[in-house]
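See structure below.
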Number of protein chains: 2
Amino acid sequence: MLLHVNPSTGLPIYLQIQAQVKHAVAAGALRAGDALPSVRKLASDLRINPNTVARAYLELEREGVIAAVPGGGTFVADGTSGLLKAERVRRFRPLARQVAVEGRQLRLSRDEIVQFVDEELKALGGKS
Amino acid sequence: MLLHVNPSTGLPIYLQIQAQVKHAVAAGALRAGDALPSVRKLASDLRINPNTVARAYLELEREGVIAAVPGGGTFVADGTSGLLKAERVRRFRPLARQVAVEGRQLRLSRDEIVQFVDEELKALGGKS
DNA sequence: CACACTGTATTAATACACTGGTACGGACGG
DNA sequence: CCGTCCGTACCAGTGTATTAATACAGTGTG
């Protein structure tokens, strides 16, 4: 569980943490039940305030990616519970549309766009 | 050129305008050389400040989507000039990665994710 | 030149995002 | 129990995003 943060990137720190945790989970580097570094530990490692880490964890919990137990620790959630597939698809569509529009704006062909997305999917770990 | 804006959506107005123009261009509803509504006209139609429209146009111009001529008007740019393909691909990758990660987080299969993106691309107008 | 239109620059009011300091309540091993 | 770890809540400060009011500058027409 190696995280790094760049405060001068413009992107808020808590979003950087969020993105990296999400990526690690999606890639299988973190699996259901795995413990995340504690709020204080990670904050100390990154030289930032515990609240900033807590905020990142809070939003990840809202999205169902992780589960925090007060006094216990924070763990990767198992995706079993949660939303109906229809709802998940509904949440995904705007993002899919954005990729389509941006890709076309960059004058990429339909095939290229699809291919790039598929490459990133493969990079996450091919199956499922 | 029909635009609508919802001030209470949380998403900044200038971003809503940006997204809709981008979508219209990507979908071919607006073509290279077409005139956009003037800053004041659109602002008046939407009951917002001209500066807000100007800001949306400004960023669209930075991205090369449109071209503004002071005193003249604002027009859809022809994508001919501009960035090298390598650069365009470089800009696209982070977005492709984000779709991949989010899609997986929503427990969609690789095929489903690719398919949803392709559907949005088709909805924009199939060729190229 | 006057005029009516264009986009642009400057400045300001306001709200909210972001981060941090600090204190609180629960879990767990001595 | 007590100390130490956990996540959490509250509050303040700083900066920046968002929108707007206003004035400026270029273009084209009669």
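We use all heavy atoms of the structure for the numbers below, so side chains are in, but hydrogens, waters and symmetry mates are not.
- Whole-Å rounding puts the Phe75(A) CZ to dA27(C) C1' distance at 11 Å.
- From Arg104(B), atom CZ reaches atom CG of Leu121(A) across 6.5 Å, with rounding to the nearest 0.5 Å.
- Rounded to whole Å, the distance from NZ on Lys41(B) to C1' on dG7(C) is 16 Å.
- With respect to the salt-bridge test (charged N to carboxylate O, under 4.0 angstrom), the residues Arg91(A) and Glu102(B) do not qualify.
- Across the protein-nucleic acid pair, Glu59(A) atom CD and dA17(C) atom C1' stand 11 Å apart, rounded to whole Å.
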Detail all sub-3.5 Å separations between protein N/O atoms and N/O atoms belonging to nucleotides 19-22 of chain C.
residue, atom, partner, partner atom, Å
dT19(C), OP1, Ile13(A), N, 2.8
dG20(C), OP2, Asn49(A), N, 2.7
dG20(C), OP2, Thr52(A), OG1, 3.1
dG21(C), OP2, Asn49(A), ND2, 3.4
dG21(C), N7, Asn49(A), ND2, 3.4
dG21(C), O6, Asn51(A), ND2, 2.0

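- At a threshold of 4.5 Å between side-chain heavy atoms, the hydrophobic network of Ile, Leu, Val, Met, Phe, Trp and Tyr places Tyr14(B) and Val21(B) in two separate groups.
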Assess the residue pair Glu87(A) and Arg90(A) against the criterion (salt bridge (charged side-chain N to carboxylate O under 4.0 Å, His left out)); give the C-alpha distance rounded to whole Å, side-chain angles, the decisive distance to 0.1 Å, and a yes or no.
CA-CA 5 Å; Glu87(A) 172 64 11; Arg90(A) 200 185 65 78; 3.0 Å; yes
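- A donor-acceptor contact shorter than 3.5 Å links the side chain of Arg88(A) to the backbone of Leu106(B).
- Protein atom CZ of Arg40(B) is 14 Å distant from nucleotide atom C1' of dC3(C), rounded to whole Å.
- Using a 4.0 Å cut-off between charged side-chain N and carboxylate O, Glu119(B) and Arg93(A) make a salt bridge.
- Reading DNA chain D from its 5' end, the first and the last nucleotide to sit under 4.0 Å from a heavy atom of chain A are dC6(D) to dC10(D).
- Side-chain atoms of Gln20(A) and Gln16(A) form no donor-acceptor pair, as typed in the model, at a separation below 3.5 Å.
- Ion pairing between Arg62(A) and Glu59(A) fails under the 4.0 Å rule for side-chain N and carboxylate O.
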